[in-house]
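Have a look at the structure below before the remarks.
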Amino acid sequence: MKNSYLIFSTILLSLQVAAAEAPMPSDKPPSYEVECASCHMAYPPSLLGQKNWQSIMSGLDKHFGSDASLDLKNQTEISQWLVKHASTRKKYSVFTPENRITKSSWFIDEHDKVKADVWKRDGIKSPANCLACHTDGASGIFKEKNIRIPAK
Ligand code: HEC
Ligand code: HEC
C-alpha cells in the first residue's frame, strides 16, 4: 500500500513539473465550460497568474471585442476557481500584456518556430486557437507529439 502510494505520488509530481502539461483541475465548476468555452476552448487556469485572471474577470463586458459578462453568481464562482488554480510558477504567473496567454514570453518562446503566415491559415486563424494544432489541448496536453499543424 505504502509503496504504491509513493510511486503514484512520484508520477503525479513528475506530471506537474513537465512544461507540456496543464491539466484541467478536477473541481472545475460546470459554469466554466458553459460560460467560458462557447467562443474558444476552456483555457486551463494554470496558464496564467492570479492578476491576469482577476483582470479578465473584472472586464468581461469588454472582453477582446466581445461582451462576455456574467451574472454575479457565475462570475464569483468562476473567478474564485480561476484564482485558486492560477499558476504560481514564475514562468506562467508573470503578468502578461492584454491578459493574453499568447502574449506571454513563454508562449512566444515556445512558438518561435511557427511562422507569421501559419497563424493566419484558415484552419488556425489565431494563436489563441490552441486546439487547431494541439489535438489534446482540451485535456491540457501540449506535448510535441500531440501537435498537428493544419496545412491550410
Ligand atoms: C462571447 C464570446 C466569448 C466568451 C463567452 C468568452 N470569451 Fe474569452 N475570448 C473571446 C475572444 C473573441 C477572444 C480573443 C480570441 C483571439 O484573439 O483569437 C478571447 C480571448 C480570451 C483569452 C486570451 C487568449 C489569448 O490570446 O491568450 C482568455 C484567457 C479568455 N478569453 C478567457 C475567457 C474566460 C475566463 C471566459 C469566461 C468568463 C471567456 N473567455 C468567455 C471571446 C469570448
Ligand atoms: C499553429 C499551431 C499552434 C497553435 C495555434 C498553438 N500552438 Fe502551442 N505549439 C505549437 C508548436 C509547433 C509548438 C512547438 C513544439 C516543439 O517544438 O516542441 C508548440 C508548443 C507549445 C507548448 C510547449 C510544449 C512543450 O513540449 O513544452 C505549450 C505549453 C503550448 N504550445 C501551448 C499552447 C497554447 C496554450 C495555445 C493556445 C493559447 C497554443 N499552444 C497554440 C503549435 C501551436
Side-chain angles (χ1 to χ4, degrees), residues 13-152:
L13 251 181
S14 49
L15 276 177
Q16 279 168 357
V17 290
E21 308 271 349
M24 196 53 87
S26 55
D27 63 346
K28 178 183 71 175
S31 56
Y32 190 57
E33 205 65 46
V34 175
E35 306 294 351
C36 303
S38 52
C39 303
H40 47 67
M41 74 178 272
Y43 297 116
S46 59
L47 294 181
L48 284 177
Q50 251 188 46
K51 291 218 169 83
N52 278 120
W53 285 125
Q54 281 163 338
S55 172
I56 288 174
M57 293 306 291
S58 60
L60 285 176
D61 55 331
K62 292 187 191 72
H63 180 78
F64 304 93
S66 299
D67 183 354
S69 28
L70 296 173
D71 60 43
L72 192 60
K73 182 179 166 285
N74 284 328
Q75 154 119 16
T76 310
E77 180 178 67
I78 294 171
S79 295
Q80 285 175 347
W81 177 78
L82 285 169
V83 164
K84 176 178 168 197
H85 293 288
S87 186
T88 51
R89 294 177 58 200
K90 209 172 164 206
K91 177 172 155 185
Y92 298 109
S93 60
V94 170
F95 192 76
T96 69
E98 296 169 40
N99 293 321
R100 282 188 183 267
I101 299 163
T102 53
K103 293 266 159 117
S104 62
S105 41
W106 72 262
F107 186 95
I108 293 164
D109 285 352
E110 295 285 5
H111 295 86
D112 63 351
K113 283 186 240 159
V114 182
K115 301 247 161 38
D117 59 311
V118 172
W119 295 118
K120 293 184 196 127
R121 287 180 186 166
D122 282 348
I124 304 171
K125 291 201 173 85
S126 163
N129 188 10
C130 322
L131 299 185
C133 305
H134 293 281
T135 54
D136 292 316
S139 313
I141 296 168
F142 296 97
K143 284 187 233 167
E144 197 172 359
K145 70 175 175 53
N146 304 66
I147 296 175
R148 216 162 299 121
I149 299 182
K152 285 187 210 172

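Read the numbers this way: they start at 1 and go in the same order the structure lists the ligands and their atoms. The analysis underlying the following values was restricted to heavy atoms, covering all of them including side chains, and did not include hydrogens, waters or symmetry mates.
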message = Could you check whether any side-chain N or O of S93 sits under 3.5 Å from a backbone N or O of R89, counting only pairs where one atom can act as donor and the other as acceptor?
response = yes
message = With nothing but distance in play, are any N or O atoms of K143 less than 3.5 Å from an N or O of ligand 2?
response = no
ask   = Are the side chain of S79 and the backbone N or O of T76 linked by a donor-acceptor pair below 3.5 Å?
value = no
inquiry  = For atom 15 (C) of ligand 1, what's the nearest protein heavy-atom neighbour? Residue, atom name and distance, please.
reply    = A128 CB, 4.1 Å
query = Going through the checks in order, is the side chain to side chain contact (heavy atoms under 4.5 Å, CB included) test met by L131 and D136?
reply = CA-CA 7 Å; L131 299 185; D136 292 316; over 6 Å; no
task = Could you list the atoms of ligand 2 found under 4.0 angstrom from a heavy atom of W106?
result = 28 (C), 29 (C)
query = Measuring from the heavy atoms of P127, does anything fall under 4.0 Å of ligand 2?
reply = yes
message = Tell me if a side-chain donor or acceptor on N52 pairs with a main-chain N or O of T96 at a distance below 3.5 Å.
response = yes
query = Under the side chain to side chain contact (heavy atoms under 4.5 Å, CB included) criterion, do L47 and S87 qualify, and how do the steps go?
reply = CA-CA 6 Å; L47 294 181; S87 186; over 6 Å; no
message = Which option wins on minimum heavy-atom distance to atom 14 (C) of ligand 2: K125, K120, E144, E110?
response = E110
ask   = Looking at K84 and D27, does any basic side-chain N land under 4.0 Å from a carboxylate oxygen?
value = yes
query = Does Y92 reach ligand 2 with a nitrogen or oxygen that is under 3.5 Å from one of the ligand's nitrogen or oxygen atoms?
reply = no
message = Quick one, C130 with F142, criterion side chain to side chain contact (heavy atoms under 4.5 Å, CB included). Give me CA distance, side-chain angles, the key distance, then yes/no.
response = CA-CA 9 Å; C130 322; F142 296 97; 4.3 Å; yes
ask   = Is the distance between atom 8 (Fe) of ligand 2 and the nearest N/O/S atom of C130 smaller than 2.8 Å?
value = no
query = With only distance considered, is R100 within less than 3.5 Å of ligand 1 through an N or O on each side?
reply = yes
remark   = Counting heavy atoms under 4.0 Å, the part of M57 that contacts ligand 1 is side chain
task = Decide yes or no for K103 and E98: does some side-chain heavy atom of the first lie under 4.5 Å from some side-chain heavy atom of the second?
result = yes
task = Keeping the roles fixed (side chain from S66, backbone from A68), state whether a donor-acceptor pair exists under 3.5 Å.
result = no
query = Just how far is it from atom NZ of K115 to atom NZ of K120, taken to the nearest 0.5 Å?
reply = 13.5 Å
inquiry  = Counting C-beta onward and ignoring hydrogens, is there a side-chain heavy-atom pair between I78 and C36 closer than 4.5 Å?
reply    = yes
ask   = Ignoring water, what protein N, O or S atoms are under 2.8 Å from atom 8 (Fe) of ligand 1?
value = H40 NE2, H63 NE2
query = Looking at K113, which atoms of ligand 2 are within less than 4.0 Å of one of its heavy atoms?
reply = 16 (C), 17 (O)
key: Evaluation steps, side chain to side chain contact (heavy atoms under 4.5 Å, CB included), between L82 and L48   = CA-CA 9 Å; L82 285 169; L48 284 177; over 6 Å; no
query = Can you list the atoms of ligand 2 that are under 4.0 Å from a heavy atom of T102?
reply = 38 (C)
task = Please answer whether the main-chain N or O of P29 pairs with a side-chain N or O of W81 as donor and acceptor at a distance below 3.5 Å.
result = no
task = Distance to 0.1 Å, residue and atom name: give those for the protein heavy atom nearest to atom 16 (C) of ligand 1.
result = S126 OG, 3.4 Å
message = Using a 4.0 Å cutoff against the non-hydrogen atoms of I147, which atoms of ligand 2 qualify?
response = 9 (N), 10 (C), 11 (C), 13 (C), 15 (C), 19 (C)
task = Looking only at distances, please establish whether an N/O atom of ligand 2 is found under 3.5 Å from an N/O atom of H134.
result = yes
key: Sub-4.0 Å atoms of ligand 2 with respect to non-hydrogen atoms of L47   = 35 (C)
ask   = N/O to N/O below 3.5 Å, does that happen between Y32 and ligand 1?
value = no
key: side-chain hydrogen bond (donor to acceptor under 3.5 Å, both in side chains) assessment of T135 paired with N146   = CA-CA 6 Å; T135 54; N146 304 66; 5.0 Å; no
task = Please report which non-hydrogen protein atom sits nearest to atom 27 (O) of ligand 1, along with the residue it belongs to and the distance in Å to one decimal place.
result = I101 N, 2.7 Å
task = Give the C-alpha distance, both sets of side-chain angles, the deciding distance and a yes or no for ring-ring contact (aromatic ring centres under 6.0 Å, His included) between H85 and W53.
result = CA-CA 10 Å; H85 293 288; W53 285 125; over 10 Å; no
query = Which of the listed options, G140, C133, P150, holds the heavy atom that is closest to atom 2 (C) of ligand 2?
reply = C133
query = What residue and heavy atom of the protein are closest to atom 5 (C) of ligand 1, and at what distance?
reply = E35 O, 3.4 Å
message = Would the distance check show the side chain of Y43 and the main-chain N or O of A37 forming a donor-acceptor pair, the cut-off being under 3.5 Å?
response = no
query = Between S38 and ligand 1, which part of the residue brings a heavy atom under 4.0 Å of the ligand: side chain, backbone, both or neither?
reply = side chain
